[in-house]
Amino acid sequence: MDQGSIARILKQVSGGEDEIQQLQKALLDYLDENTETDASLVFSRKFYIAQWFRDTTMETEKAIKSQKDEDSSEGAHHAKDVETTGQIMHRAESRKMFLRSIIKTAPSQFSTLKLNSDTVDYEDACLIVRYLASMRPFAQSFDIYLTQ
């Protein structure tokens, strides 16, 4: 991954969100900007929003499940795990609120909210997609699957 390009995109996309939300917003801006030239981008935009919402929900469920498992097995690390689970839950809720705000906003209104429409070009959008895909659980465990 080209970390320098990711850092450049993050600098161009201003916002108080976390890194993932900034990249998601940049990609959605790009997709929204180019929907007039390619109608399939409307579907892609909706698919990404739905997939990210599902991923956030799955992350939350895993955090709750791991907290329940820790409650039944160990008590020594309980305080640290609860804090970590709380942080995961807070981050997941903020991501869900971000995605809900995008869903509620009509695509034409979403394009007017953009600060700079030239922030992301096709190559940057491809890089963002690869970067966000590398953050998914399967991509992170792919080396383990190959080793086995």
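One-based numbering along the sequence shown. Basis for what follows: all heavy atoms, side chains included, without hydrogens, waters or symmetry-related copies.
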Notebook entry, point to check: Do the side chains of Ile6 and Tyr122 join up, straight or via other hydrophobic residues, at under 4.5 Å, putting them in one cluster?
Noted result: yes
Next item on the list: Hey, could you give me the CD/CZ distance between Glu61 and Arg54, rounded to the nearest 0.5 Å?
Entry: 9.0 Å
Check: Leu10, Ile20: one ILVMFWY side-chain cluster at the under-4.5 Å cut-off?
Finding: yes
Checklist line | Interatomic distance, Tyr30 atom OH to Thr35 atom OG1 [nearest 0.5 angstrom] | finding: 11.0 Å
Margin query: Please check: side-chain N/O of Gln21 versus main-chain N/O of Ser94, any donor-acceptor pairing under 3.5 Å?
Written below: yes
Check: Does Leu28 offer a backbone N or O that forms a donor-acceptor pair with the side chain of Asp32 under 3.5 Å?
Finding: no
Checklist line | Leu127 to Ser5 - nearest heavy-atom pair and separation | finding: CD2-CB, 3.2 Å
Notebook entry, point to check: Between Tyr48 and Val129, does a side-chain contact (heavy atoms from CB on, under 4.5 Å) hold up when you go through it step by step?
Noted result: CA-CA 10 Å; Tyr48 279 125; Val129 169; 3.4 Å; yes
Check: What pairs with Phe53 under ring-ring contact (aromatic ring centres under 6.0 Å, His included), at least two apart in sequence or on another chain?
Finding: none
Item checked: Validation row: Gln24, Ile49 side chains within 4.5 angstrom (heavy atoms) -> no
Note to self: Hydrophobic clustering (ILVMFWY, side-chain heavy atoms < 4.5 Å, transitive) - are Ile9 and Met135 grouped together?
What the structure shows: yes
Margin query: Grouping I, L, V, M, F, W and Y whenever their side-chain heavy atoms are under 4.5 Å apart, do Leu41 and Leu132 come out in a common cluster?
Written below: yes
Next item on the list: Would you check if Ile88 and Thr60 make a side-chain contact, meaning some heavy-atom pair closer than 4.5 Å?
Entry: no
Notebook entry, point to check: Hey, what do you get for CD1 (Ile103) to NZ (Lys96), rounding to the nearest 0.5 Å?
Noted result: 11.0 Å
Notebook entry, point to check: By the rule that ILVMFWY residues connect when side-chain heavy atoms come within less than 4.5 angstrom, directly or transitively, which residues belong alongside Met89?
Noted result: Ile64
Notebook entry, point to check: Where is the tightest heavy-atom contact between Ala26 and Val120, given as atom of each residue plus distance?
Noted result: CB-CG2, 3.6 Å
Check: Between atom CD1 of Ile102 and atom NZ of Lys25, what is the distance when rounded to the nearest 0.5 Å?
Finding: 7.0 Å
Margin query: Let's go through Leu27 and Leu31 carefully: what are the C-alpha distance in whole Å and the side-chain angles of both, what is the deciding distance for side-chain contact (heavy atoms from CB on, under 4.5 Å) to 0.1 Å, and is it a yes or a no?
Written below: CA-CA 6 Å; Leu27 182 60; Leu31 292 173; 4.3 Å; yes
Note to self: Using the rule given for side-chain contact (heavy atoms from CB on, under 4.5 Å), can you reason through Glu59 versus Asp55, listing the C-alpha separation, both sets of side-chain angles and the distance that settles it, and then say yes or no?
What the structure shows: CA-CA 6 Å; Glu59 181 181 332; Asp55 289 347; over 6 Å; no
Note to self: Determine whether Gln3 and Tyr131 satisfy the following criterion, side-chain contact (heavy atoms from CB on, under 4.5 Å), listing intermediate values before the conclusion.
What the structure shows: CA-CA 9 Å; Gln3 239 5 72; Tyr131 181 78; 3.9 Å; yes
Checklist line | For Thr37 against Asn34, the heavy-atom pair lying closest together | finding: OG1-O, 2.9 Å
Checklist line | Qualifying residue, where the test is side-chain contact (heavy atoms from CB on, under 4.5 Å) with Arg91 and the options are Gln87, Arg95, Glu93 | finding: Arg95
